[in-house]
Participant: 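Please find one structure pasted underneath; my questions will follow.
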2 protein chains.
Amino acid sequence: MNTAVILAAIKKHVALDEAEANFLAEQLIPKKLKPGELIEESGEMTKFMIYVNSGCLMTYYTDKDGTDHVIQFATTGWWTGDLHSLQKKVPSIYSTRALVESEILLLPKVSLELVLEKYLKFERYFRIIFQNALVVSQQRIIHSYASTAEERYLHFSEKYSNLEQYVPLKYIASYLGITPEFLSKIRRKLMEK
Amino acid sequence: MNTAVILAAIKKHVALDEAEANFLAEQLIPKKLKPGELIEESGEMTKFMIYVNSGCLMTYYTDKDGTDHVIQFATTGWWTGDLHSLQKKVPSIYSTRALVESEILLLPKVSLELVLEKYLKFERYFRIIFQNALVVSQQRIIHSYASTAEERYLHFSEKYSNLEQYVPLKYIASYLGITPEFLSKIRRKLMEK
DNA sequence: GAATGTTCTTGAACTAGGTTAAGTTCTGGT
DNA sequence: ACCAGAACTTAACCTAGTTCAAGAACATTC
């Protein structure tokens with residue numbers, strides 16, 4: 001089981017002794033995902049948080065018309081999953097699937113609670129993780145309100161240049177909040193320059 | 001000094017003994033704000049987190065054209081401020097001002113760090129606060145992508161019906177990501193029904 | 001209570017981005 | 001090597017929301 005990656009990542013935020021590291025490692029359930037494989041489906045109860053060891057997953061919301069809206073791409077080192085469903089025990093509104101062959105670690109709800117209860121240091125770790133995620137989420141709101149689609153695409157290309165290689169453009173369009181057709185127009189316009 | 005409100009709110013999430021409660025209370029700096037008063041300005045370093053004891057503040061981002069974009073209304077019981085600036089010591093991109101007469105409590109950066117260091121229990125409290133804020137922030141992203149302006153306005157009116165009484169419509173329009181003119185049109189259309 | 005500045009509304013002209021539908025190019029499976 | 005299906009593009013037309021400019025309704029101050 002490969003928990004070296006996650007433990008190293010955690011240690012960038014909080015110092016862990018051997019007992020703490022081992023205890024967490026024991027709770028994690030490794031899993032491999034094939035491209036396109038669904039790990040969590042909307043309508044079901046979320047049972048765990050997902051840590052991406054390698055590869056890339058996307059989390060998306062399906063609206064009443066059946067249109068998907070990508071709300072997050074999670075690459076190596078990111079957590080994903082539906083926190084609201086996990087905590088409030090309501091059916092999830094998100095689905096999560098792998099975009100490429102991926103290795104993930106699952107942290108079940110009870111394990112999370114156990115870890116947090118036993119070693120308060122993990123509270124600090126998740127406080128920092130959620131705090132950072134909140135900052136990113138708020139910056140995304142600003143971007144979606146204060147920038148044009150073209151600006152948002154340029155910003156995305158710059159920030160996630162590696163993603164653009166293997167993520168289908170239609171999902172990138174969805175993440176940017178536009179249609180694939182309009183993304184096409186933007187890309188052509190930029191090529192012509 | 002009125003710290004009863006915040007301590008009661010915290011105790012809904014974590015149990016505090018007297019020492020912990022007093023220690024936090026000592027760090028908080030109470031302040032009264034007049035309507036329109038600015039408590040934090042973009043471009044400056046954020047020096048504290050802000051807890052709203054009573055009243056209502058708004059946090060907004062001013063874009064390159066000078067247009068303001070409201071990213072949060074903080075009413076009684078909410079935390080606000082620029083987390084990114086606070087932690088990374090970069091100038092804030094947000095401004096925060098009172099919309100009505102308000103009472104706030106300031107938690108300076110050093111005090112926050114001290115509190116978190118001394119009593120890990122506060123890590124849990126802020127982990128929960130940030131986790132909830134993250135959920136709300138992500139739901140707002142979904143709304144802005146999957147709903148029309150009219151739907152967003154109806155949702156807002158329902159969820160923050162009290163706010164609509166005293167918050168100028170132009171700020172509500174800004175929060176919804178539309179122009180005041182278009183909000184006017186929406187409101188008229190809804191009245192006619 | 002007139003004067004002045006905001007906020008809110010109206011309407012006409014405009015544009016960023018959506019829709020529909022058809023055509024290409026890419027891909028994976030047999 | 002071929003086929004089927006998915007991903008991507010193109011183009012014509014459509015619409016939600018913007019812009020600009022002017023006026024109406026409120027506040028606030030002297």
Side-chain angles (χ1 to χ4, degrees), chain A residues 33-38 56 58 60 63-70 73 97-101 141 143-157 163-193, chain B residues 34-38 56 58 60 63-70 73 97-101 141-157 163-193:
Chain A
L33 298 177
K34 291 196 182 64
E37 196 175 340
L38 209 59
C56 180
M58 71 171 194
Y60 58 97
D63 70 20
K64 52 188 182 318
D65 305 327
T67 309
D68 292 344
H69 301 269
V70 176
F73 292 115
R97 72 169 72 237
L99 286 168
V100 294
E101 191 122 354
I141 291 174
H143 259 270
S144 83
Y145 283 158
S147 308
T148 63
E150 182 175 329
E151 287 165 342
R152 273 178 279 149
Y153 171 62
L154 287 170
H155 181 255
F156 178 90
S157 305
L163 272 190
E164 219 181 336
Q165 319 288 311
Y166 58 83
V167 175
L169 283 173
K170 61 173 188 168
Y171 296 138
I172 294 177
S174 169
Y175 179 83
L176 295 173
I178 57 177
T179 57
E181 291 89 341
F182 191 59
L183 179 54
S184 243
K185 275 186 211 174
I186 290 173
R187 282 162 55 84
R188 180 170 47 141
K189 194 181 146 206
L190 291 172
M191 295 277 281
E192 284 168 359
K193 281 183 182 170
Chain B
K34 292 196 183 63
E37 197 175 339
L38 209 59
C56 180
M58 70 170 197
Y60 58 97
D63 69 20
K64 53 190 182 313
D65 304 327
T67 310
D68 291 344
H69 301 269
V70 176
F73 292 114
R97 72 169 71 236
L99 287 167
V100 294
E101 192 121 353
I141 290 174
I142 290 179
H143 260 269
S144 82
Y145 283 158
S147 309
T148 63
E150 183 174 330
E151 286 164 342
R152 274 178 278 148
Y153 171 62
L154 286 170
H155 181 254
F156 178 90
S157 306
L163 271 190
E164 219 182 334
Q165 319 289 309
Y166 58 83
V167 175
L169 284 174
K170 62 172 188 167
Y171 295 139
I172 294 177
S174 170
Y175 179 83
L176 296 173
I178 58 177
T179 57
E181 291 91 338
F182 192 59
L183 178 54
S184 241
K185 278 183 208 172
I186 291 173
R187 282 161 55 83
R188 181 171 45 145
K189 194 180 146 207
L190 291 172
M191 296 276 280
E192 282 166 2
K193 278 181 183 166

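Only this structure's heavy atoms are used, side chains among them; waters, hydrogens and symmetry mates stay out. Labels below follow one simple rule: chain letters A, B, ... track the order of the sequence lines, proteins then strands, and each chain is numbered from 1.
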Participant: Should we count NZ of B/Lys64 as having more than 12 external heavy atoms under 6.0 Å?
Facilitator: yes
Participant: Show the numbers, then the answer: is there a salt bridge (charged side-chain N to carboxylate O under 4.0 Å, His left out) between B/Arg97 and B/Glu37?
Facilitator: CA-CA 5 Å; B/Arg97 72 169 71 236; B/Glu37 197 175 339; over 6 Å; no
Participant: Could you check how far NZ of A/Lys189 sits from C1' of C/dT15, rounded to whole Å?
Facilitator: 12 Å
Participant: Do the non-hydrogen side-chain atoms of A/Met58 and A/Val167 ever get within less than 4.5 Å of each other?
Facilitator: no
Participant: Starting at the 5' end of nucleotides 9-19 of chain D, put B wherever the base has a protein heavy atom under 4.0 Å, S where only the sugar-phosphate does, and a dash everywhere else.
Facilitator: BBS-----BBB
Participant: Thinking salt bridges, do A/Glu181 and A/Lys170 make one under a 4.0 Å N-O criterion?
Facilitator: no
Participant: So that I can tick it off, tell me whether B/Lys185 and B/Glu150 are bridged by a salt bridge, with the cut-off set at under 4.0 angstrom between side-chain N and carboxylate O.
Facilitator: no
Participant: Whole angstrom is fine here: how far is it from CG in B/Leu99 over to C1' in C/dT7?
Facilitator: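 Nearest whole value for this atom pair: 14 Å.
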Participant: Nearest whole Å is fine: how far is C/dG28 C1' from A/Tyr166 OH?
Facilitator: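 Between C1' of C/dG28 and OH of A/Tyr166: 20 Å.
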